[in-house]
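Residue numbers count from 1 along this sequence.
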Amino acid sequence: QVQLVESGGGLVQPGGSLRLSCAASRASRIISIMDWYRQTPGKERELVATVTSSGNTNYADSVKGRFAISRDNGENTVHLQMNSLKPEDTAVYYCHAISGVRIYWGQGTQVTVSS
(Lines give C-alpha, C1' and ligand atoms only; values in the text may rest on other atoms or scores of the structure.)
Protein backbone atom coordinates (compact mmCIF):
# COMPACT_ATOMS: atom_id res chain seq x y z
CA GLN A 1 0.00 0.00 0.00
CA VAL A 2 2.84 2.39 0.81
CA GLN A 3 5.28 3.33 -1.91
CA LEU A 4 8.71 4.73 -1.03
CA VAL A 5 10.46 6.92 -3.58
CA GLU A 6 14.06 8.02 -3.04
CA SER A 7 15.76 11.00 -4.60
CA GLY A 8 18.89 13.11 -4.23
CA GLY A 9 21.62 10.67 -5.18
CA GLY A 10 24.41 11.54 -7.56
CA LEU A 11 28.14 11.99 -8.06
CA VAL A 12 30.14 14.11 -5.62
CA GLN A 13 33.80 14.65 -4.85
CA PRO A 14 35.32 13.46 -1.58
CA GLY A 15 34.48 15.92 1.17
CA GLY A 16 31.30 16.99 -0.57
CA SER A 17 27.69 16.71 0.55
CA LEU A 18 24.43 15.21 -0.64
CA ARG A 19 20.93 15.21 0.77
CA LEU A 20 18.79 12.15 0.16
CA SER A 21 15.03 12.24 0.48
CA CYS A 22 12.40 9.54 0.69
CA ALA A 23 8.68 10.16 0.35
CA ALA A 24 6.08 7.64 1.49
CA SER A 25 2.81 7.73 -0.41
CA ARG A 26 -0.61 6.37 0.57
CA ALA A 27 0.29 5.79 4.21
CA SER A 28 -2.88 5.13 6.20
CA ARG A 29 -1.05 4.61 9.49
CA ILE A 30 1.81 6.38 11.17
CA ILE A 31 5.13 5.06 9.96
CA SER A 32 6.85 4.17 13.21
CA ILE A 33 10.39 3.76 11.90
CA MET A 34 12.17 5.03 8.82
CA ASP A 35 15.69 4.03 7.91
CA TRP A 36 18.39 4.35 5.32
CA TYR A 37 20.36 1.31 4.23
CA ARG A 38 23.14 1.07 1.70
CA GLN A 39 24.61 -1.75 -0.35
CA THR A 40 27.54 -2.29 -2.70
CA PRO A 41 27.89 -5.25 -5.09
CA GLY A 42 28.86 -8.45 -3.31
CA LYS A 43 28.34 -7.03 0.17
CA GLU A 44 25.63 -7.23 2.79
CA ARG A 45 23.08 -4.48 2.98
CA GLU A 46 24.15 -2.14 5.77
CA LEU A 47 21.94 -0.12 8.09
CA VAL A 48 23.15 3.48 7.93
CA ALA A 49 20.69 5.48 10.03
CA THR A 50 17.33 5.14 11.76
CA VAL A 51 14.75 7.63 12.99
CA THR A 52 11.59 6.79 14.96
CA SER A 53 8.29 8.64 14.95
CA SER A 54 9.33 10.27 18.23
CA GLY A 55 12.52 11.60 16.68
CA ASN A 56 15.06 9.23 18.18
CA THR A 57 17.99 8.55 15.88
CA ASN A 58 20.75 5.98 15.57
CA TYR A 59 23.71 5.81 13.22
CA ALA A 60 26.24 3.32 12.04
CA ASP A 61 29.66 3.98 13.52
CA SER A 62 31.07 4.62 10.06
CA VAL A 63 28.83 7.66 9.50
CA LYS A 64 28.52 9.18 12.97
CA GLY A 65 29.36 12.85 12.95
CA ARG A 66 29.00 13.06 9.17
CA PHE A 67 25.43 12.01 8.40
CA ALA A 68 22.17 13.28 9.89
CA ILE A 69 18.76 11.66 9.50
CA SER A 70 15.50 13.54 9.99
CA ARG A 71 11.83 13.03 9.24
CA ASP A 72 8.60 14.90 8.78
CA ASN A 73 5.86 12.80 10.38
CA GLY A 74 3.05 14.83 8.86
CA GLU A 75 4.36 14.30 5.34
CA ASN A 76 5.90 10.86 5.99
CA THR A 77 9.22 11.85 4.55
CA VAL A 78 12.73 11.08 5.68
CA HIS A 79 15.98 12.78 4.75
CA LEU A 80 19.61 11.85 5.03
CA GLN A 81 22.05 14.74 5.03
CA MET A 82 25.47 13.37 4.12
CA ASN A 83 28.50 15.55 4.74
CA SER A 84 32.24 14.95 4.46
CA LEU A 85 31.59 12.14 2.03
CA LYS A 86 34.26 9.52 1.47
CA PRO A 87 34.81 7.12 -1.43
CA GLU A 88 33.80 4.25 0.86
CA ASP A 89 30.34 5.84 1.14
CA THR A 90 29.72 4.89 -2.49
CA ALA A 91 26.69 2.61 -2.61
CA VAL A 92 23.06 2.32 -3.54
CA TYR A 93 21.07 3.85 -0.71
CA TYR A 94 17.67 2.40 0.13
CA CYS A 95 14.84 3.91 2.10
CA HIS A 96 13.09 1.52 4.50
CA ALA A 97 9.94 2.00 6.55
CA ILE A 98 7.85 0.12 9.08
CA SER A 99 4.17 0.92 9.48
CA GLY A 100 2.25 -1.32 11.86
CA VAL A 101 3.12 -4.84 10.75
CA ARG A 102 4.04 -3.75 7.23
CA ILE A 103 7.57 -3.33 5.90
CA TYR A 104 8.41 -1.29 2.82
CA TRP A 105 11.50 -0.72 0.69
CA GLY A 106 12.35 1.92 -1.84
CA GLN A 107 14.02 1.15 -5.16
CA GLY A 108 17.30 2.78 -4.20
CA THR A 109 19.33 5.78 -5.30
CA GLN A 110 22.98 5.67 -6.36
CA VAL A 111 25.56 7.69 -4.45
CA THR A 112 29.05 7.84 -5.93
CA VAL A 113 31.91 9.62 -4.19
CA SER A 114 34.89 10.04 -6.50
CA SER A 115 37.37 12.64 -7.67
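- You'll find the side chain of D89 stays beyond 4.5 Å of the side chain of V111, heavy atoms only.
- Distance check, rounded to the nearest 0.5 Å: CZ of R38 to CG of L80 gives 9.5 Å.
- To the nearest 0.5 Å, atom OG of residue S7 and atom CZ of residue R19 are 10.0 Å apart.
- For the pair L20 and G9, the tightest heavy-atom approach, listed with the atom from each and the gap, is CD2-N, 3.6 Å.
- Between atom CD1 of residue I98 and atom OG1 of residue T50 there is a gap of 8.5 Å, rounded to the nearest 0.5 Å.
- Atom CG in L47 sits 14.5 Å away from atom OH in Y94 (nearest 0.5 Å).
- A donor-acceptor pair is defined here as one N or O able to donate and one able to accept, closer than 3.5 Å; no such pair exists between the side chain of Q3 and the backbone of S25.
- S114 places a side-chain heavy atom less than 4.5 Å from the side chain of L11.
- Atoms OH and CD, from Y93 and Q39 in turn, are 12.0 Å apart once rounded to the nearest 0.5 Å.
- Under a hydrophobic clustering in which Ile, Leu, Val, Met, Phe, Trp and Tyr are joined whenever their side-chain heavy atoms come within less than 4.5 Å, directly or via other members, Y59 and L85 fall into the same cluster.
- In Q13, the CD atom is not crowded: 12 or fewer heavy atoms of neighbouring residues, nucleotides or ligands sit closer than 6.0 Å.
- Side chain of T77 to backbone of A23: no donor-acceptor contact under 3.5 angstrom is found.
- Side-chain atoms of E6 come within 3.5 Å of backbone N or O of G108 as a donor-acceptor pair.
- With respect to the salt-bridge test (charged N to carboxylate O, under 4.0 angstrom), the residues K64 and D61 qualify.
- S70 is not listed as a side-chain neighbour of V78, based on a closest heavy-atom distance of 4.5 Å or more.
- Close placement of the Y37 and W105 rings is indicated, their centers lying within 6.0 Å of each other.
- Across all their heavy atoms, I33 and R71 have their closest contact at N-NH1, 4.0 Å.
- In terms of heavy atoms, V12 sits closest to S17 at CG1-O, 3.8 Å.
- Considering all non-hydrogen atoms of both residues, W36 and C22 come closest at CZ2-CB, 3.7 Å.
- Once rounded to the nearest 0.5 Å, the distance linking OG of S62 with CD of E46 reads 4.5 Å.
- Residues passing the side chain to side chain contact (heavy atoms under 4.5 Å, CB included) test with S84, sequence neighbours excluded: R66.
- With hydrogens and angles disregarded, no donor-acceptor distance shorter than 3.5 Å links the side chain of Q107 to the backbone of V5.
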Derivation and outcome, side-chain contact (heavy atoms from CB on, under 4.5 Å), residues T90 and Q110: CA-CA 8 Å; T90 296; Q110 177 70 48; 4.0 Å; yes

